[in-house]
Amino acid sequence: MKFAYKFSNLLGAFYRHGNLCFSKDGNSAISPVGNRISVFDLKNNKSETLPASTTKNISCLGISPDGNLAILIDEGMAKSTILHLLLHFPWSCSFENVALMYHAPGRNREFNAFALDKSYYGPFDETTCIDWTDDSKCFAVGSKDMTTWIFGAERWANLIYYSLGGHKDIIVGCFFENDSLDMYTVSQEGTLCVWESDTELEGLRKGPKYSERKKMEEEKKKREEGESNEDDDVEDIVGEDGETRGDVIKGSADTPKQVEGIKNVRYSQRSKHYFNKAGDFNKLTAAAFHKKTHILVTGFASGAFHLHELPEFDLIHSLSISDQRISTIAMNPTGDWIGFGCSGLGQLLVWEWQSESYVFKQQGHFNNMNSLAYSPDGQYLVTGGDDGKVKVWNTNSGLCFVTFTEHSSGVTNVAFTSSGFVVVSASLDGTVRAFDLHRYRNFRTMTSPRPAQFSSLAVDSSGELVCAGSQDSFEIFLWSMQTGRLLEVLSGHEGPVSNLCFSPVQSVLASVSWDKTVRLWDMLDSWQTKETLRLTSDGLAVTYRPDGQELAVASLDGEITFWTPQTGGQTGSIAGRHDLQMGRKETEKITAKQSAKGKSFTSLCYSADGESILAGGQSKFVCIYNIKEHVLMKKFEISCNLSLDAMEEFLDRRKMTEFGSLSLVDEGTGDGDGVELSLPGVKRGDMSSRRFIPEIRVSSLCFSPTGRSWAAASTEGLLIYSLDASLVFDPYDLDMDVTPASIRQQMKKKEWASAILLSFRLNEMPLIREVLEAVPYDQITVVCSSLPDVYVDKLLNFVASTLEKSNHLQFYLSWAQCLLTLHGQKLKNRSAAYFSFKFKYNFCFLPSCDWNIYNIRYAAALSKQRGMKRTAAESLSDEEEEEEEEVEMDSGGDEENIYNE
């Protein structure tokens, strides 16, 4: 079995916090999801999460205008914003009350790609927004101190800094007009100010450096007053090597003095508008402005948004899309689509305002994701969460296509039936519900005679029996799927039933409980206990091997034990507590090593071949064990996000004070005993506390029926690891000249795979055909197995198009057969838009194949007659027949002449 699983996609998380961006063509929305970036293709309705990740949650995202470069800022550089970025031009970000301008990284590799150019000081409080002019000559910064500062990015003599007021609350957005210095500023209390400049962009004049200009003014002042000014507005940033890193420009309340002959830029307030005219005061939380269409979009804390046309402030549209606060707004380059992000619900919406319709609307589980299950064909995933929702996901697109909201409490377990068209879920609200994926409805609701909280669920291989375990009455309830009637109540456990599993080959139910036992129930023999297996600790998870010949059980002491169901004997065990490597929580007073002694695996899943088992629990690691050898094969770190709790093994020294850890000192509790520590066994933490940090954990694991991928429900979302990586790295592009001469040189060396890659890179059809037809027939399989995935698609395209007109039919069919045999599984995963093109040539082959069959039969008949000798009598009879035919033809000609006469 292969263990080279790589991160493939992240489902169930569409937006957390930060700002949204659109791609250059406007067809894709780019959203920060925790410490990763997700790209949503709005045209093809697909999502992809990039494998790159940061060490903390991403707080800001910037995309270059050409779409080739992205810059991310995480919470490590807290309270930062990037709202504009230009490749080969400066880009800016704000940190606390400072605006920093850097040179953008170029295409050439540099040791230090981020070169600080200037630092701008002006606001007295944290900055909230940034906007640039279209030609990158100036930029504006909004702040919490209710002011907006305009700075010159270059040495402008008439614009160094300028401060705008007029607001009574935090600045939410500041926007330049198209090809102009005119501005719009929007504040949190719902006020829009329109500012008009007396100078156009072309009117900006180059001047000396700000530092040189200030020195000239200081020298002039010294000569006039005879004393030096101690307050210097200019400082140089000096690095460790003593070299200057950039200029510091400090804005002040005083207007910079004019350079002789050049008038300074001045602003005047043209108009002022209010969003809350009706008196229903509502905080304005997000804003976006499209410069070409002059459309201003504003979002509010109530979930409503407004569209206005500026500068007249005409209301175009008003709609409420949610009951939660709108955190961010973005518009695509054409201005047709508006993207909204709501961090409270993890919701991402794309709205087309002209047709008033949704382009994209997705929402994940806004609480913990508790369980997951694959459909029998591996195309769908179902998840259940603490929010009471059951969601079904398409593994190819990565999007949710149906959500069931019938449960009134948290969903603890979900399962597919063997048909793949019914989803069953168990909940803490005391119901087990069955959902139809054809009509998208809840067609069966099963309950217990007495109210019970169901914590586990299992469906047998026929899909007829449904059972759920209770965590308060210690009983197992059995229903009929067809009638919905309660068939039996299985009693015998003396503790909460933690997990259930049906045998895939027999009507036997395995249940594990906190009473340190595993019970096997025979469904055909009056539902009696067939076997009782004694454990050394509380049982947490149980699962059958795909052939039903082995049972794996995870217990509270961190061990995984293996049993034979037929005999009830133990065949082996794995001590996996040391493999969990649990981190230390911020509020814990014991070390991570001591804390790990209380951790265990909570979810188990066999691989498709039954040789390995996947285990996960209260840790950031997922382990794959070899069952036969009882050894750890590989560990997967599902997250490196330090914004989650229990990630670091040791305490951060930066958080240590003379009174202990900062996390144990709650500033808002007064003279009490400090932070209340969570009780042992608490899974989710105290959400009522002032500062709640989610804890990293894996709540459920499941292998795909194909064995090519597995999924993990974790704090980050639904993570999918696959053997079929979507992103392909091609190392041959690095250091080889691609010319026909170099390709033929590779052919002489009999480096067939390298020659094929180079020929496809050159993309000349005759040369590709020449290389392929030069490959020996017995080397086709070897060459196909060594091709990268990206070239398999190209080669299969070429073979499909060449088969129609080539004389070497069998040769190219051998190429197609080898490619499909060796790479068929990967091609099948993206078959939707792929095989429609490849095999449209099937019917074109039929006439040529029939024609070839007839020719081969004729050639075979001729070859049989060529070596045969005929007797004289046969030859004489043949000559007589020919003479008779000639006579008949002559007589026929005479009759025609007579008739014509």
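Computation of the quantities below employed the complete heavy-atom set of this structure, encompassing side-chain atoms and omitting hydrogens, waters and symmetry-equivalent molecules. In this chain, numbering begins with 1 at the start of the sequence shown. Note that the coordinates shown come from a computational prediction; the quantities given were computed from them, not determined experimentally.
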Chemist: Where does the angle between the aromatic ring planes of F139 and F151 fall among parallel (under 30°), tilted (30 to 60°) and perpendicular (over 60°)?
Modeler: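 Tilted, since the angle between the ring planes falls between 30° and 60°.
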Chemist: Say you draw a straight line from OH of Y162 to SG of C138; how long is it, rounded to the nearest 0.5 Å?
Modeler: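 The SG atom of C138 is 13.5 Å from OH of Y162, to the nearest 0.5 Å.
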Chemist: From L100 CG over to L116 CG, what is the distance, rounded to the nearest 0.5 angstrom?
Modeler: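 Reported to 0.5 Å precision, the distance equals 6.0 Å.
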Chemist: Under 30°, 30 to 60°, or over 60°: which ring-plane class applies to H308 and F313, parallel, tilted or perpendicular?
Modeler: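 Plane angle under 30°, so parallel.
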Chemist: Start with the C-alpha distance between K272 and V194, add both sets of side-chain angles, then the distance that settles side chain to side chain contact (heavy atoms under 4.5 Å, CB included), and finish with yes or no.
Modeler: CA-CA 6 Å; K272 195 171 185 178; V194 182; over 6 Å; no
Chemist: Could you give the distance from CD (Q269) to SG (C193), rounded to the nearest 0.5 Å?
Modeler: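 Interatomic distance, Q269 CD to C193 SG, rounded to 0.5 Å: 4.5 Å.
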Chemist: Tell me, please, which residues at least two apart from T147 pass side-chain hydrogen bond (donor to acceptor under 3.5 Å, both in side chains).
Modeler: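 Result, side-chain hydrogen bond (donor to acceptor under 3.5 Å, both in side chains) vs T147: D145, W149.
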Chemist: With sequence neighbours excluded, tell me which residues meet side chain to side chain contact (heavy atoms under 4.5 Å, CB included) with D179.
Modeler: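 Checked D179 against side chain to side chain contact (heavy atoms under 4.5 Å, CB included); matches are D134.
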Chemist: I need the H17 NE2 to N57 CG distance, nearest 0.5 Å.
Modeler: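 Result: 4.5 Å between the selected atoms.
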Chemist: Step through the shown structure and confirm whether more than 12 heavy atoms of other residues, nucleotides or ligands are within 6.0 Å of OH on Y121.
Modeler: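 Incorrect, the count does not exceed 12.
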Chemist: Yes or no on ring-ring contact (aromatic ring centres under 6.0 Å, His included) for Y120 and Y161, after CA distance, side-chain angles and deciding distance?
Modeler: CA-CA 9 Å; Y120 298 87; Y161 57 83; 9.8 Å; no
Chemist: Looking at CG of L315 and CG of L296, how far apart are the two atoms once the value is rounded to the nearest 0.5 Å?
Modeler: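 Between L315 CG and L296 CG, I get 11.0 Å after rounding to 0.5 Å.
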Chemist: Quick one: side chain to side chain contact (heavy atoms under 4.5 Å, CB included) partners of I170, sequence neighbours excluded?
Modeler: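 Partners of I170 by the side chain to side chain contact (heavy atoms under 4.5 Å, CB included) criterion, ordered by chain and then number, come out as T128, K144, Q188.
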Chemist: Just so I know, are the side chains of V297 and W353 near enough to count as touching, which here means a heavy-atom distance under 4.5 Å?
Modeler: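 SC-SC contact between V297 and W353 ruled out.
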Chemist: Evaluate the ring planes of W351 and H317, with Trp represented by its six-membered ring, and classify them as parallel (under 30°), tilted (30 to 60°) or perpendicular (over 60°).
Modeler: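 Answer is parallel, since the angle falls under 30°.
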Chemist: Is there a side-chain contact between T403 and V390 (heavy atoms, below 4.5 Å)?
Modeler: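 Heavy-atom side-chain distance check fails, nothing below 4.5 Å.
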Chemist: Examine F176 together with Y184 and report whether their ring centres are nearer than 6.0 Å.
Modeler: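 Ring centroids of F176 and Y184 are no less than 6.0 Å from each other.
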Chemist: Below 4.5 Å, heavy atoms only, C-beta onward: do K391 and V402 meet side chain to side chain?
Modeler: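 No - every pair of side-chain heavy atoms lies 4.5 Å or more apart.
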Chemist: Using side-chain heavy atoms (C-beta onward) and a distance below 4.5 Å, is K46 in contact with L399?
Modeler: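 A side-chain contact is absent here, since even the closest heavy-atom pair is not under 4.5 Å.
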Chemist: E352: which residues meet the salt bridge (charged side-chain N to carboxylate O under 4.0 Å, His left out) condition with it, sequence neighbours left out?
Modeler: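 E352 satisfies salt bridge (charged side-chain N to carboxylate O under 4.0 Å, His left out) with no other residue.
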Chemist: Which of parallel (below 30°), tilted (30 to 60°) and perpendicular (above 60°) describes F340 and F305?
Modeler: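 If you compare the ring of F340 with that of F305, the planes turn out tilted.
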Chemist: What's the verdict on side-chain hydrogen bond (donor to acceptor under 3.5 Å, both in side chains) for S643 and K56, showing C-alpha distance, side-chain angles and the deciding distance?
Modeler: CA-CA 5 Å; S643 297; K56 290 191 176 182; 6.0 Å; no
Chemist: Establish, from distance only, whether the side-chain atoms of N9 and T49 form a donor-acceptor pair under 3.5 Å.
Modeler: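 The answer is yes; a qualifying pair exists.
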Chemist: If you measure from OG on S53 to CG on N641, what distance do you get to the nearest 0.5 Å?
Modeler: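 These two atoms lie 8.5 Å from each other.
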Chemist: Do R270 and W195 have side chains that get closer than 4.5 Å, going by heavy atoms?
Modeler: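 SC-SC contact between R270 and W195 ruled out.
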Chemist: May I ask you to decide whether K206 forms a salt bridge with E154, counting only side-chain N to carboxylate O separations under 4.0 Å?
Modeler: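 Salt bridge present between K206 and E154.
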Chemist: Using the test side chain to side chain contact (heavy atoms under 4.5 Å, CB included), find all partners of S268 that sit at least two apart in sequence or belong to another chain.
Modeler: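 Only E196 meet the side chain to side chain contact (heavy atoms under 4.5 Å, CB included) criterion with S268.
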Chemist: Any salt bridge between D41 and K43, counting N to O under 4.0 Å?
Modeler: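 The answer is no: the pair does not qualify as a salt bridge.
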Chemist: Mind telling me whether Y721 and F7 have parallel, tilted or perpendicular rings, with 30° and 60° as the class edges?
Modeler: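 Geometry flag for Y721 against F7: perpendicular rings.
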Chemist: For H290, which residues count as a side-chain hydrogen bond (donor to acceptor under 3.5 Å, both in side chains) partner, sequence neighbours excluded?
Modeler: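 Once residues adjacent in sequence are excluded, the partners of H290 under the side-chain hydrogen bond (donor to acceptor under 3.5 Å, both in side chains) criterion are T293.
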Chemist: Nearest heavy-atom pair of K118 and I249: which atoms, and what distance?
Modeler: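 Taking every non-hydrogen atom into account, CD-CD1, 4.0 Å.
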Chemist: Kindly indicate whether the side chain of F40, heavy atoms from C-beta on, has any atom under 4.5 Å from the side chain of Q362.
Modeler: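 F40 vs Q362: side chains apart.
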Chemist: Side-chain contact test, heavy atoms from C-beta onward, threshold under 4.5 Å: evaluate it for D336 versus Q354 and give yes or no.
Modeler: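 The answer is yes, as the side chains (C-beta and beyond) meet within the 4.5 Å cut-off.
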